[in-house]
Participant: 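Take a look at this one; I'll ask things after.
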There are 2 protein chains.
Amino acid sequence: MLTIGKISDAAGVKVPTIRYYEEIGLLPEAERSAGNQRLYGQKAQERLTFIRNARELGFPLDAIRDLLSLSDRPDQSCAAADAIASAQLAAVEARIARLTALKAELERMLVQCAGGMIADCRVIEVLGDHAKCHADHAPTGHLTEVAG
Amino acid sequence: MLTIGKISDAAGVKVPTIRYYEEIGLLPEAERSAGNQRLYGQKAQERLTFIRNARELGFPLDAIRDLLSLSDRPDQSCAAADAIASAQLAAVEARIARLTALKAELERMLVQCAGGMIADCRVIEVLGDHAKCHADHAPTGHLTEVAG
DNA sequence: TCTAATCTCTCTAGTAACTAGAGGTGCAAG
DNA sequence: CTTGCACCTCTAGTTACTAGAGAGATTAGA
């Protein structure tokens with residue numbers, strides 16, 4: 001039986017994150033030692049590793065929850081898991097396309113900003129009036145793209 | 001003078017978002033009508049458009065705050081704005097690289113999942129034991145990549 | 001065996017960037 | 001004048017955690 005710190009190291013997931021996963025029901029409630037500390041066995045560690053890998057591949061926790069419930073019933077068709085992964089793939093592709101467009105835009109801005117004064121700065125200017133950019137690129141509606 | 005709904009439409013930023021921007025100090029406090037409703041002029045609308053464009057290009061609000069304070073002093077060198085935009089470009093490029101790797105991984109998973117049972121499903125298996133994947137890809141430490 | 005250092009516990013609050021909803025008021029058209 | 005939409009404030013929820021306080025558990029060394 002491993003303490004939380006050990007599976008944290010083993011699975012590469014931080015201690016508070018593990019407790020958080022338990023809290024939201026992604027991990028079952030851990031056994032406790034006499035002194036109330038969490039104890040984990042092999043199965044828990046595998047489950048945590050699964051979660052970590054899926055997170056690394058960009059799956060949101062809800063999708064992971066679904067995948068876990070699928071993997072708990074190994075006799076069923078693979079189709080549902082396939083659907084989740086496919087949706088994830090499509091989302092990733094969409095993000096790549098979007099980011100590639102942003103990259104081009106940023107490069108254009110920067111090329112034109114050659115050490116002048118703010119008054120003539122293309123970075124500022126382009127952001128103030130995007131019409132000065134090239135015309136229509138997809139109007140996005142929700143602005144949830146975020147810098148890493 | 002325009003009401004909040006009008007500049008919302010004009011700038012393409014939702015009404016609650018505008019109030020939020022005011023609350024966090026990205027927009028100055030708006031004038032009010034006799035009946036306590038917010039009123040906006042040309043300048044506020046331009047500022048909001050600037051924010052919207054920058055958000056669309058993936059700038060975080062903190063960076064936008066910096067850019068706005070730069071654009072308020074047009075006599076200074078463009079270097080700071082350039083630096084912010086460059087950092088943003090680098091962040092975007094890093095995200096693209098990461099997502100491209102994820103895409104390859106997901107595609108590999110899916111190719112091998114050809115309608116079998118969960119017990120043999122590569123999607124589940126790969127997530128359970130990433131060693132079954134190809135070896136080392138960048139160990140990321142923080143798992144903040146999210147599906148769109 | 002004692003003690004000091006390191007874990008671990010719970011709980012609360014904070015992060016980014018909003019979104020949603022409740023319950024109430026302003027305003028313009030018919 | 002009333003109907004109905006737009007607006008107001010405030011609170012709480014979202015995702016996936018992270019940080020910190022204050023207290024108890026465990027373990028390694030003297």
Side-chain angles (χ1 to χ4, degrees), chain A residues 1-27 29-40 44 48 51-66 68 88 91 95 140-148, chain B residues 1-27 29-40 44 48 51-66 68 88 91 95 140-148:
Chain A
M1 284 303 201
L2 304 169
T3 59
I4 198 168
K6 307 293 178 182
I7 57 157
S8 168
D9 291 346
V13 177
K14 290 186 192 143
V15 168
T17 305
I18 297 171
R19 289 196 276 251
Y20 168 74
Y21 286 164
E22 179 180 315
E23 189 189 320
I24 64 172
L26 267 190
L27 293 175
E29 296 198 8
E31 287 178 58
R32 299 300 182 112
S33 73
N36 198 33
Q37 303 198 347
R38 287 174 181 82
L39 295 176
Y40 299 91
L48 188 53
I51 296 171
R52 185 244 156 102
N53 289 331
R55 285 295 296 129
E56 226 167 71
L57 286 171
F59 289 86
L61 291 184
D62 269 3
I64 296 173
R65 205 185 293 273
D66 290 346
L68 281 168
Q88 182 57 20
R95 288 169 75 77
T140 53
H142 67 110
L143 306 175
T144 51
E145 200 65 65
V146 154
Chain B
M1 286 301 199
L2 303 169
T3 57
I4 198 169
K6 308 292 179 183
I7 57 156
S8 168
D9 291 347
V13 177
K14 289 186 192 144
V15 167
T17 304
I18 297 171
R19 290 196 275 250
Y20 168 73
Y21 286 163
E22 179 180 316
E23 190 189 320
I24 65 171
L26 268 190
L27 293 175
E29 296 198 8
E31 288 177 56
R32 299 298 182 114
S33 73
N36 197 33
Q37 302 198 347
R38 288 175 181 81
L39 294 176
Y40 298 91
L48 187 54
I51 296 170
R52 185 244 155 104
N53 289 332
R55 285 296 296 129
E56 228 167 68
L57 286 172
F59 288 85
L61 291 184
D62 270 1
I64 295 173
R65 205 185 293 272
D66 290 346
L68 281 167
Q88 181 57 20
R95 289 168 73 76
T140 52
H142 68 109
L143 308 174
T144 50
E145 200 67 66
V146 156

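So you know, we letter chains A, B, ... as the sequences are listed, proteins then strands, and number each from 1. In what follows, every heavy atom counts, from backbone to side chain, and hydrogens, waters and symmetry copies are set aside.
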Participant: For A/Arg19, which contact category applies under a 4.0 Å heavy-atom criterion: base, sugar-phosphate, or nothing?
Facilitator: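 Touches a base.
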Participant: Is the phosphate of C/dA17 approached by B/Tyr21 (side-chain N or O, under 4.0 Å from OP1 or OP2)?
Facilitator: no
Participant: Sub-3.5 Å donor-acceptor pair from the side chain of B/Arg52 to the main-chain atoms of B/Ala11, do we have one?
Facilitator: yes
Participant: For B/Ile18 and C/dC18, what is the distance between atoms CD1 and C1' respectively, to the nearest whole Å?
Facilitator: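 In whole Å, C/dC18 C1' lies 13 Å from B/Ile18 CD1.
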Participant: Under 4.0 Å from OP1 or OP2 of D/dT18: is there any side-chain N or O of A/Lys14 that close?
Facilitator: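 For D/dT18, OP1/OP2 do have a side-chain N/O of A/Lys14 under 4.0 Å.
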Participant: Does B/Arg65 make a side-chain N or O approach to OP1 or OP2 of C/dA16 shorter than 4.0 Å?
Facilitator: no
Participant: Whole Å only: how far is the CD1 atom of B/Ile51 from the P atom of C/dA16?
Facilitator: 16 Å
Participant: Compare all side-chain heavy atoms of A/Gln37 with those of A/Arg32 and state whether any distance is below 4.5 angstrom.
Facilitator: no
Participant: If you assign A/Lys6 and B/Ala34 each to the DNA chain C nucleotide with the nearest heavy atom, which residue ends up on the more 5' nucleotide?
Facilitator: A/Lys6
Participant: Pick the nucleotide of DNA chain C nearest each of B/Gly35 and A/Arg32; which residue has the one closer to the 5' end?
Facilitator: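 Here A/Arg32 is the residue nearer the 5' end.
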Participant: Which whole-number value in Å describes the distance from A/Leu39 CG to C/dC7 P?
Facilitator: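 The distance from CG of A/Leu39 to P of C/dC7 comes to 17 Å, rounded to the nearest Å.
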Participant: With a 4.0 Å limit, can you tell me whether B/Tyr20 has a side-chain N or O closer than that to the phosphate oxygens OP1/OP2 of C/dA16?
Facilitator: no
Participant: With rounding to the nearest 0.5 angstrom, report the CG to CZ distance, B/Leu27 to B/Arg19.
Facilitator: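 Those atoms lie 12.5 Å apart.
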Participant: In whole angstrom, give the distance that lies between atom CD of B/Glu29 and atom C1' of D/dT9.
Facilitator: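 Rounded to the whole Å, the gap is 14 Å.
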Participant: Counting side-chain heavy atoms from CB outward, which of C/dC27, D/dT18, D/dC7 is closest to A/Pro16?
Facilitator: D/dT18
Participant: Any idea which of D/dC17, D/dT18, C/dT10 is nearest the A/Arg38 side chain?
Facilitator: C/dT10
Participant: Please state how far atom CD1 in B/Ile7 lies from atom P in D/dA6, giving the value in whole angstrom units.
Facilitator: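 It is 16 Å, rounded to the nearest whole Å.
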Participant: Taking only side-chain nitrogens and oxygens of B/Thr3, does any of them come within less than 4.0 Å of OP1 or OP2 of D/dA6?
Facilitator: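 No.
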Participant: Which residue lies toward the 5' end of DNA chain D, A/Thr17 or A/Asn36, if each is placed at its nearest nucleotide?
Facilitator: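 On the 5' side of the pair lies A/Thr17.
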Participant: Rounded to the nearest 0.5 Å, how far does CG of B/Leu26 lie from CD1 of B/Ile18?
Facilitator: 12.0 Å
Participant: Write down the distance between CD (A/Glu22) and P (C/dC11), rounded to a whole number of angstrom.
Facilitator: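 Value for this atom pair: 12 Å.
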Participant: Heavy atoms under 4.0 Å, any strand shown: does B/Gln37 hit a base, just sugar-phosphate, or nothing?
Facilitator: sugar-phosphate
Participant: Rounded to whole angstrom units, what separation is found between the CG atom of A/Leu48 and the C1' atom of D/dC17?
Facilitator: 14 Å
Participant: Between B/Tyr20 and B/Leu61, is there a side-chain heavy-atom distance shorter than 4.5 Å?
Facilitator: yes
Participant: In whole angstrom, give the distance that lies between atom CD1 of A/Ile4 and atom P of D/dG24.
Facilitator: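 About 20 Å, once rounded to whole Å.
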